[in-house]
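Counting starts at 1 for both ligands and their atoms, following the listed order.
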Amino acid sequence: MKAAFLIEKNKIEIREIENPKIKNEDEVLVKIKSVGVCGSDIHYYKEGRIGDFIVKEPLILGHESSGIIEEVGKSVKDLKVGDRVAIEPGIPCRKCSYCKEGRYNLCADVKFFATPPINGTFCEYIVHPSDFLYKLPENISFDEATLIEPFSVGIHACNLINLRPGEKILISGLGPVGLLSGLSAKLNGAIVYGIEKNKKRIEIAEKIGFEYVFDTEKIEIKEIKNNIEEKFDVIFECSGNSFLIEETINWVKRGGRIVFIGMGTDFVNFNILKLTIDEIKISGIFRYANTYKKAISLLSKNRIDLKNFISKKFSLIDVKEALEYPIKNPDCIKVIVNP
Ligand SMILES: [Zn+2]
Ligand SMILES: [Zn+2]
């Protein structure tokens, strides 16, 4: 099969390699149909590393994927050849205390696609354990199914802080994860507001049901607090931008919750005194656990049209262009690779 390898910073090579084979009875051979390009893929492509994860050997990127089943292992019962599936990209150890508690996103031994040295899905076939594959309903396309992965982050955030119907939430930074976190809050019954400067993103936010978006091309970040009628129950900070992070404390009401989702700046000035006096709960979140079934059901039942999220599509041999497109096109939301 063909696979796109990141050889070193800024260098992608299409190589012919052997097809993967089923080794365990519970595994499934999946033909990859669609892969979303994530910010982390672009980061590895540009920098050759994310923090302590360094690309030392050629690595296949891509982790937001869907496909069709070509072969199933002997003990696989609930999936069959020809089923269309969403692919959850992280396989945890299943043995540690986090795995036992169902918080497997915190497992130290997770094997996550496109995180060195684990290969991802910019290739034609993968072999995957059957319980990390989820059957897709007719009304979710392969391309739309790639959004289940970033959508899962939003669902996990809503679960973690126990978001309740009718609560008012503000999402700062409306990239794909910000938009999809807003969508997941909305589908949980919350009233969703946003902060963003890009026109295209604001347009999509309004289409998927955001109540109002503060446009930071028109209003200073520091001024937002003076333009909020009633403070928010919950803030999802998705930008990773220090100016926005520092302001979150001024947008949330007493007793409210702030979740830091976006990765960017690592150190910020934060008003801890206000945090204490206002009894604010703060949480980070990392990936997700047990979200795929809920994500598929929410998207399918609510018939959310996700086509607006997909800005451009590329074939496997053009992975390099796919990784560069979002850098050159600030209006781009999601790029898709179809192997
Ligand atoms: Zn991703
Ligand atoms: Zn584990």
For residues 280-290, which side-chain N or O atoms pair as donor and acceptor with protein atoms under 3.5 Å away, sequence neighbours left out?
unit_1: Tyr288; atom_1: OH; unit_2: Glu149; atom_2: OE2; d: 2.7
unit_1: Asn290; atom_1: ND2; unit_2: Gly102; atom_2: O; d: 3.1

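Each salt bridge (Lys or Arg N to Asp or Glu O under 4.0 Å) pair with one or both residues in residues 256-269, not counting sequence neighbours, appears once here: Glu167-Arg257. Within the structure, salt bridge (Lys or Arg N to Asp or Glu O under 4.0 Å) contacts touching residues 312-339 (residues at least two apart or in different chains) are Glu64-Lys334, Asp143-Lys313, Lys320-Glu324, Glu324-Lys328.
Counting heavy atoms from C-beta outward, Val35 and Asn338 have side chains that stay 4.5 Å or more apart.
For a distance bound of 2.8 Å, the N, O or S atoms of Asp41 include none lying that close to the Zn ion (ligand 1).
Within Glu64, the N, O or S atom at minimum distance from the Zn ion (ligand 1) carries the name OE2.
In this structure, Phe260 and Phe270 have perpendicular ring planes: the angle between them is above 60°, well past the 30° mark.
Within the sub-2.8 Å shell of the Zn ion (ligand 2), the protein contributes these N/O/S atoms: Cys93 SG, Cys96 SG, Cys99 SG, Cys107 SG.
Between the side chains of Lys46 and Asn10, a donor-acceptor pair is found at a separation under 3.5 Å.
A ring pair (Phe, Tyr, Trp, His ring centres under 6.0 Å) with Phe232 is found for one member of Tyr193, Tyr212, Phe214 and no other, namely Tyr193.
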